[in-house]
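What you see is a predicted model, and the numbers here were worked out from it, not measured in a lab. Values below: all heavy atoms of this structure, side chains included; hydrogens, waters and symmetry mates excluded.
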Amino acid sequence: MTNSYAPSRGPERHNAHEQAPRPGAVLTDPVRHPAGAPAPVLAKRAFLLILITLLVPGSAQTVAGSRRLGRVALRTTLTVWAVLIAAVLLLIASRPLLINVLASPPVSLLLVVVLAALSLGWAALFLNTFRLVRPTLLAPGIRLGAAAALVVSMVLSSGSLGYAAYVLNVSRDAIGSMFSGFGPTIEPSEGRYNFLMMGGDAGADRTGRRPDSLSVISVDAKTGQTAIISVPRNLQNAQFSEDSPMRAVYPDGYDCGNDCLINAINTEVTNDHQELYPGVADPGAQATVEAVSGTLGITVQAYVLVDMDGFSKLIDAMGGIKIKAGGWVPISSGEMLDEANGIHGMPLGWIAAGDQHLNGFHALWYARSREFVDDYARIQRQQCVQQAMLKQMDPATLLTRFEDIAQAGTQVVESNISASQLGSFVDLALKAKGQGVDRLTIGPPDFDASFSTVPDFDVIHTRVRALLDGSPAAQAPAVAADPQPAAPAPAPAEAEPATGSAAAADPQPSSDFTPVTTTPDGEPITREMLDYFKSQGDEQSIRNLVASNGLCAPL
C-alpha cells in the first residue's frame, strides 16, 4: 500500500519547502514548515528569523528558505567579515596606510559601489525573510511587531551601509576638490611637518588673493605635539628661503618699503613673477610659503589656503560656533573716511561682548574685523575661531551635517597637500588631539608692536627654535612685549605681555576672563552708545571701550 505522505524523489524535491508538509513535520520542523505550529512558536520563529538576518545575513534563508540563496549570502557575509578583520588588523599595524588606501580614488570608488550593492542585497534578504516569516499565520499584534522589527533592522543594517556609501562618495569628491593629486610625499623637516594656514581674500576690488592671516601649524612627526606660530600680515622685509626663486629678485628680503608687507607677496608673484614657478598650480601661495620659511628659519612643506568669501558657508554648515567674546567687535562699513588712520564710516552692526553663538556672517566678521584695535587683537580672535571650529566639529555634527560641511569645504579650502599622504596627516591629527598647543606670535604679546616693521630675524629664529624644541629659554631680552591697549576694566592675566618662555602650553584659549560689558563708571555698553561716539567722531572713546576684544575663548 502506497504511503501518501512519502516524500517525492523527482526534480520537484528542490521546492519541497513550498509543498504541503508531512503531518510529522509540523511538530518536528516548525522553522521550515510553520503551518499548524502554535502561536507562541510562530511568534518566536518570526523574530528569530529577523534577528539572524540582521546578525548573519543569509542564515534565515539557509534554515527556512532557499538554501542556494542562503549559501550565496553567507559566503558574501563571511567575505565581508574577513575584509573587516583585515582592515582592523591594518588599522592596528598602520593606521596611516589604511587611511591612504581608503582615500585612493580607485579604492574609494570601488568601496562606494560595493557598499551600495551590499546595502541593496541586505534589503532584499530582509524582504525575503519577511516572506519566510509568513505574516498571515501570525496574530495581528505579533504581525505588526514583526513588521516594525523588520523595518528597524533594515534601517540599522541596509540603511547604514547605504549612508556609508553616500558619505564615502561625498568624501572622495571633497578630497579631490581640496587636495592635489597623488604627487610626491612630503618628508618631515627636522622631525616636524610644518603647514602654512592662510586666510585669503579675493574680493572683486582686489587683484589676486591676498592672505590676511598667516599661521604655521608645526606638528611633531612622531608624537603629534603641535605649535602654532602666527605671522602678522604687515611684517616687512620678509626673508625668502635659500631655494626660493624670489631670492634672486629680493636677495636682501622683501624690502621695497611700506608696500612690501608679507601678505603682498602672493599678489605680486601672481601678477609679475609667475614665470619663476613653472608647473606650480599657485605660484603666489608657493612664494608666500617660501617667505614664511625664510622668515621663521624653518622649512614649511605645504600650505592650506582658506578663502574668506566661503568661510561663512562652512560655519553655517556646522550650525555656527560658540565663543566667549572679551569685548565688542564692529561689523565695519565699506566706506573708508580716512584710509591712513583706518577710519571707516558708521559700523553696520556690532558683535557684543559675552557668550555668543555666531552664524557664518558674524563669525567671519569676528575673525576679520580690526577697526579700533590693531592686527594682534584680530590674530587672537582668529585663533579663537579656529579653536571653536575644531572643538565643535564633533562626531554628532559631522554625522548630521556631513554633506553641507564637505560641500562648503570644497568652496573654502585649497591646498597643495597630496591626497596620497592624507592618511599620515589624519593620523597625526588624531595623535595631537587632546595635547597642549604651544603658541608664538611675531608681535604682541610676544614681541613689541613695532617689531614687525623692523624685525630682527636672528631673534625670530631663536624664539622659533626654542618653541619647537620645548626650551624654556625662548625669550628675547632685547625685544620687550608691549602691554595690550588699556581696557575699561582691569586687564585679564592672559592679556599681559609674555615673559619667560616662547609660548605657554595651552590646549585652548583660557576662558578665565571677564568680558568688558560696562564703562569704567558701570554703565552698560550698548550699540547705541558706540554708534553715538562714532557719530560724534570720538574714535578714542570707542577704542577704550572695545580694547579687550582680542580676548576670546571657545565654549
Side-chain angles (χ1 to χ4, degrees), residues 199 201 203-206 210 212-213 232-234 258 261 308-309 311-312 315 320-321 323-385 443-444 449 482-492 495 513-553:
D201 199 343
D205 59 340
R206 297 186 177 186
R210 182 175 68 186
D212 281 343
S213 65
R233 69 185 185 92
N234 61 349
N258 291 336
L261 308 181
M308 303 306 284
D309 286 338
F311 178 78
S312 63
I315 298 292
I321 58 171
I323 56 116
K324 178 181 177 181
W328 286 66
V329 174
I331 301 174
S332 298
S333 167
E335 179 186 11
M336 182 65 75
L337 302 180
D338 183 350
E339 188 167 356
N341 294 306
I343 298 177
H344 294 255
M346 182 67 69
L348 302 177
W350 294 85
I351 300 169
D355 293 354
Q356 297 290 337
H357 187 177
L358 304 178
N359 61 16
F361 173 80
H362 290 94
L364 175 60
W365 268 108
Y366 189 78
R368 294 181 66 186
S369 178
R370 61 177 179 270
E371 190 177 2
F372 306 117
V373 293
D374 58 22
D375 269 343
Y376 305 106
R378 181 171 74 158
I379 287 174
Q380 289 177 291
R381 283 186 265 113
Q382 288 170 348
Q383 291 178 344
C384 178
V385 168
D482 275 349
Q484 295 294 310
F513 63 84
T514 301
V516 177
T517 58
T518 62
T519 68
D521 296 331
E523 183 180 357
I525 300 173
T526 64
R527 172 176 178 171
E528 290 74 20
M529 175 188 292
L530 296 170
D531 284 348
Y532 172 77
F533 286 133
K534 182 68 177 179
S535 67
Q536 299 300 307
D538 190 353
E539 299 278 320
Q540 188 57 49
S541 289
I542 299 177
R543 291 190 184 98
N544 292 338
L545 293 176
V546 305
S548 60
N549 77 13
L551 298 175
C552 174

Gap separating the OG1 atom of Thr514 from the CG atom of Leu551, nearest 0.5 angstrom: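 That separation rounds to 10.0 Å.
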
From Phe372 atom CZ to Ser541 atom OG, the distance as rounded to the nearest 0.5 Å: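 Here the rounded value is 11.0 Å.
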
By side chain to side chain contact (heavy atoms under 4.5 Å, CB included) - contacts of Asp355 (at least two apart):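 With sequence neighbours excluded, Asp355 shows a side chain to side chain contact (heavy atoms under 4.5 Å, CB included) to Lys324, Leu555, given in chain and number order.
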
By side chain to side chain contact (heavy atoms under 4.5 Å, CB included) - contacts of Leu358 (at least two apart):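 Applying side chain to side chain contact (heavy atoms under 4.5 Å, CB included) to Leu358 gives Ile321, Ile323, Ile351, Gln356, His362, Ala363, Tyr366.
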
Residue Phe361 excluded, over 12 heavy atoms near CZ under 6.0 Å: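 Atom CZ in Phe361 is crowded, with more than 12 foreign heavy atoms closer than 6.0 Å.
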
Test applied, side-chain contact (heavy atoms from CB on, under 4.5 Å); reference residue, Trp365; option that passes from Leu348, Val329, Ile331: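 Running side-chain contact (heavy atoms from CB on, under 4.5 Å) over Leu348, Val329, Ile331 with Trp365 returns exactly one hit, Ile331.
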
For residues [X] and [Y], report the shortest heavy-atom separation together with the two atoms involved.
{"X": "Pro515", "Y": "Ala325", "result": "CB-O, 3.3 Å"}
{"X": "Ala377", "Y": "Asn549", "result": "CB-OD1, 3.9 Å"}
{"X": "Arg370", "Y": "Arg381", "result": "CA-NH2, 4.4 Å"}
{"X": "Ser332", "Y": "Glu371", "result": "OG-OE1, 2.6 Å"}
{"X": "Pro232", "Y": "Tyr376", "result": "CB-CE2, 3.9 Å"}

Do [X] and [Y] make a side-chain contact, defined as non-hydrogen atoms from C-beta onward lying under 4.5 Å apart?
{"X": "Val373", "Y": "Gln380", "value": "no"}
{"X": "Pro347", "Y": "Arg527", "value": "no"}
{"X": "Ile343", "Y": "Lys534", "value": "yes"}
{"X": "Met346", "Y": "Asp531", "value": "yes"}
{"X": "Leu545", "Y": "Thr519", "value": "yes"}

Geometric class of the Trp350/Trp328 ring pair [parallel <30°, tilted 30-60°, perpendicular >60°]: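 Perpendicular.
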
Check: [Y] main-chain N/O paired with [X] side-chain donor or acceptor under 3.5 Å:
{"X": "Ser369", "Y": "Pro330", "value": "yes"}
{"X": "Asp521", "Y": "Glu523", "value": "no"}
{"X": "Ser548", "Y": "Gly326", "value": "yes"}

